[in-house]
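Predicted model only: the values in this text are computed from it and were never measured. Chain identifiers are assigned alphabetically (A, B, ...) following the order of the sequence lines, protein sequences preceding nucleic acid strands; residue numbering begins at 1 within each chain.
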Amino acid sequence: MPFAAPAPSRALQLLWQHLAPIRHPHFLECGPVSQSTLDVLLLRGARLYVADLITPARQNTAAFWTRRGKTAVFLADDFLAQIPAIPPESISAICCWGLLDLLPREALPVLVERFYSLLQPGGVLFCILREPYLAAGAEARWWFETLTVVGSSAGKQKPFPYPAVTNREMERLFPDGNVKTFLTRSGRREVLGIK
Amino acid sequence: MTESTPKVMHPPAPGSPHTLLGRTVVAQGQLSANEDLLIEGQFQGNITLEDHCLTVGTEGHLKAEIRARQVVVQGSVTGNVTAREKVEIRRTGRLMGDLVAATVAIEEGAYFKGSIDISRGEKPEESQDVTALPRLEDREV
């Protein structure tokens, strides 16, 4: 898969400003962990939790779906069971990258609510949402090149399975609605939800 | 060597750096050693190799609490791992548990679920100074 040029991230700049007083932030990484992400976050002094939710979402893993009558139902609780045991309100930041673009709408409130419960007050949820005009790119991967620079694979083949999440939807999903959105030139928005 | 004394299959060739627990070995209990160890079989319990390297081969299946100088995972491990130096999870490896090590390397394709904590000798200068980041003029939408 070809790689896109690493891109400075205004959202990550704000995230790290927000976490600056925390010497050993607790991070939850929701993608397939990369060595670069490991190195960057561990050097920053983070304790890192890893739960790759993106790969099964991208592969639309059958184990997380069932049928009720003629309707396919996403098993959100089974999906979330992949997250390791983490004390509530103990996480400083969650990186879920493009996960929200890969899940059915009905799963998003449960997912965001779970993330919110793990965040400590002042904790930050970082995600990347596609713009509505971006039809393909569901296979893209992201990682930390540095604390404030995002590396990515330039996936452009696989169509997105669901409509784009709007800014307003994101504000409704995140309790208290404290959401900041940053435009990028890649057809994606970077979003921070601050607890 | 162990409470349950697992049978060592296919002893390593002279000069081999590892003691081998072969793929037909199924054992449980406490395992400690003063030499490097390669496990290709199944083991359940506790493993302590304080000054040596544990390698879980591609055929190895462990449900174990592991303490070693260095741990290399090519097979499957469920349990917590503490390494004084380094934990490596190779692309065929699966590790579910909490890691504490000075260095962690995870190859692309490896599966890991759990937490990673670096055993650090509190050196504040090693952390990047994020307070020095430039202030943002947010362009929010």
Q. If you count the non-hydrogen atoms of other residues, nucleotides and ligands that lie under 6.0 Å from CZ in A:R130, is the total more than 12?
A. yes

Q.
Within this structure, what is the CZ-CG distance for the pair A:R47 and B:D98, rounded to the nearest 0.5 Å?
A. 5.5 Å

Q: Taking all heavy atoms of B:K113 and all of A:Q82, pick out the closest pair and write down the distance.
A: CE-O, 3.0 Å

Q: Answer yes or no: are there more than 12 heavy-atom neighbours, outside B:E50 itself, under 6.0 Å from its atom CD?
A: yes

Q.
Is it true that, when you exclude B:K63 itself, more than 12 heavy atoms of the residues, nucleotides or ligands shown sit nearer than 6.0 Å to its NZ?
A. no

Q: Only pairs at least two apart or in different chains count here, so list each ring-ring contact (aromatic ring centres under 6.0 Å, His included) that has a residue in residues 27-55 of chain A.
A: A:W16-A:F27

(Q) Has A:Q35 got a side-chain atom pairing as donor or acceptor with B:V104's backbone, closer than 3.5 angstrom? (A) yes

Q. When rounded to the nearest 0.5 angstrom, what distance separates CD1 in B:I106 from CG in A:L38?
A. 4.5 Å

Q: Go through the atoms of A:I86 and report whether side chain, backbone, both or neither lie under 4.5 Å from a heavy atom of chain B.
A: neither

Q: Sequence neighbours left out, what passes ring-ring contact (aromatic ring centres under 6.0 Å, His included) with A:F126? Give chain and number order.
A: A:W97

